[in-house]
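Counting begins at 1 with the first residue of the sequence. Ligands are counted one by one from 1 in listed order, and the atoms in each one are counted from 1 as well. Worth saying up front: this structure is predicted, and the values here are computed from it rather than measured.
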Amino acid sequence: MKNIQKTDKQVYKALTAEIKRQNEGIEMIPSENYVSKAVLEALGSVFTNKYSEGYPKRRYYGGQENTDTVETLAIERAKTLFGAQHVNVQPLSGAPANLAVYSALLNPGDTVLGMDLSHGGHLTHGHPVTLSAKIYNFVRYKTKENGTIDYEKLEELVQKTKPKILLAGFSSYTRQLNYRKITKIAKKVGAISMMDMAHIAGLVAGKALPNPVPLFDVVTTTTHKSLRGPRGGMIMCKKEFAQKIDKAVFPGLQGGPHMNNITALAIALKEAQEKQFQNYATQVLKNAKELERGLKKRGATLCFGAKTDNHMVLINTMEKWGLTGKQAEETLDAIGITVNKNVLPDDVRGPLDPSGIRVGTPAATTRGMKEKEMTKIAVWIDGALTNSINKKEIARIKKEVRTMCLRFPINKDKK
Ligand code: DSN
């Protein structure tokens, strides 16, 4: 970063502080990860200088011979990895990807059935604060007491509300969805089936979880979560929806694609085809299971039947420790474990200070941490939340966290 150091001391200071923070703490926000050096290089490459509205071979500006190469590589690699008929790699992130699908396939006022945010869904799946909820009619379904989805009830709701899109997918749900049941229900009423697999895309690519892409009409994802690529979004769909979706992304919602991100995505998708990536994906699940076990052993209350089938756990911090999600997040920040406060199913508290936290394993796994480290992390989480006002104990745990982290540097490509 010699040039940044020379040009801008303030930014340099923040950047070096962030490198230290990432190295000396454990990243356990389930949607975060560490990209490879190759992906980072591509993000900082000269492709950031280029405008390339349109799609490969159909651009509006000249000088596209190299942008066409990288965008085509990204598309073809995504098709191979996920078995997709059509791929659009231009959405700037997950929210614009979802909005593009809605605007491509719905008319204002049309109904979408999506998972309730507090039951694991996502803001862009119809939360009233979003623009899409003002345009379309979102109806939300919930999970059962035991954390699973009542598919018979879902079918009743679908029959009653006749949605144009039946949407699956989540940002804090820890269980495996039954893709076949969901797509079958959608078919019965002639609804388009859509899955937002942002959280688990890397686990699907690494063959650790079932692949929804061949089953659903449309699948959206971000590219920077478990998939370990640059920040961005992607839409995969059946051929019949391709034209509408491409048009909705550009020129419908976006202008020039961020070609440096698309270049980085092409690289990340190549990395995701390697055997090492499959080992990583399998280890992410093993680590989450160990975290689940360690926390349950210490009496923590976990949501969704106290079980995880994926990379994260949702913890009720009020029940065992009497701490709100915000207090728990701050306490864990103080020991160097980064998590995020999160609402729980039908939470009586608000999103800025909810009743729990969300903890996930992709980033720690990328760093090389395994079950042994997860056991320690569960002990540290419980120790810190139990002793949140004991400064000496918090300082002691922080030291242990830092010592362990330094054994797993973030800037090593050992995936
Ligand atoms: N912010 C993402 C997450 O943390 O799950 C979802 O958009």
Side-chain angles (χ1 to χ4, degrees), residues 22 25-35 91-102 112 114-133 138 140 143 167-177 194-205 209 212 219-235 253 261 265 284 288 291 303-304 308-315 317 325-326 328-329 332-333 337-345 347 350-366:
Q22 291 193 11
I26 311 171
E27 184 50 70
M28 303 218 70
I29 293 175
S31 48
E32 296 191 14
N33 218 323
Y34 304 100
V35 297
L92 301 178
S93 208
N98 285 344
L99 189 56
V101 175
Y102 303 149
V112 181
M115 199 174 196
D116 188 271
L117 177 69
S118 82
H119 283 249
H122 188 251
L123 266 179
T124 60
H125 298 179
H127 194 281
V129 297
T130 60
L131 173 67
S132 16
F138 283 89
R140 286 174 292 279
T143 58
L167 170 58
F170 47 82
S171 63
S172 63
Y173 186 54
T174 63
R175 306 295 294 275
Q176 178 61 42
L177 296 174
M194 172 179 172
M195 164 83 185
D196 176 347
M197 68 162 183
H199 262 263
I200 55 165
L203 310 176
V204 171
L209 287 181
V219 175
T220 56
T221 185
T222 47
T223 50
H224 49 271
K225 296 187 172 87
S226 56
L227 188 56
R228 221 161 57 183
R231 305 198 82 78
M234 193 157 77
I235 304 172
L253 286 165
N261 283 61
L265 175 61
V284 167
L291 200 60
C303 300
F304 304 123
T308 177
D309 300 323
N310 55 34
H311 60 300
M312 61 185 157
V313 291
L314 187 64
I315 312 172
T317 51
K326 181 169 182 271
E329 180 191 292
L332 295 178
D333 255 339
I337 293 181
T338 312
V339 302
N340 70 277
K341 53 186 167 294
N342 212 95
V343 285
L344 310 182
D347 206 327
L352 276 176
D353 195 9
S355 305
I357 53 172
R358 197 180 59 151
V359 185
T361 56
T365 308
T366 292

Open item on the list: Between Phe138 and Tyr102 (judged by ring centroids, cut-off 6.0 Å), do the two rings come close enough to count as a pair?
Closed with: yes
Open item on the list: Does any part of the side chain of Met28, heavy atoms only, come nearer than 4.5 Å to the side chain of Thr361, both counted from C-beta?
Closed with: yes
Task: Minimum heavy-atom distance between Val339 and Arg358, given as atom pair plus value - done: CB-O, 3.7 Å
Open item on the list: Would you say His125 and Asp196 are linked by a side-chain donor-acceptor pair, where the criterion is simply a distance under 3.5 Å?
Closed with: yes
- [ ] Select all protein residues for which some heavy-atom-to-ligand 1 distance is less than 4.0 Å, and list them by chain and number.
- [x] Ser31, His122, Ser171, His199, Lys225, Arg358
Task: Approximate separation, where rounding is to 0.5 Å, of Glu329 CD and Ile29 CD1 - done: 7.0 Å
Open item on the list: Looking only at side-chain N and O atoms, does Asp347 offer a donor or acceptor that is under 3.5 Å from a partner on Ser118?
Closed with: no
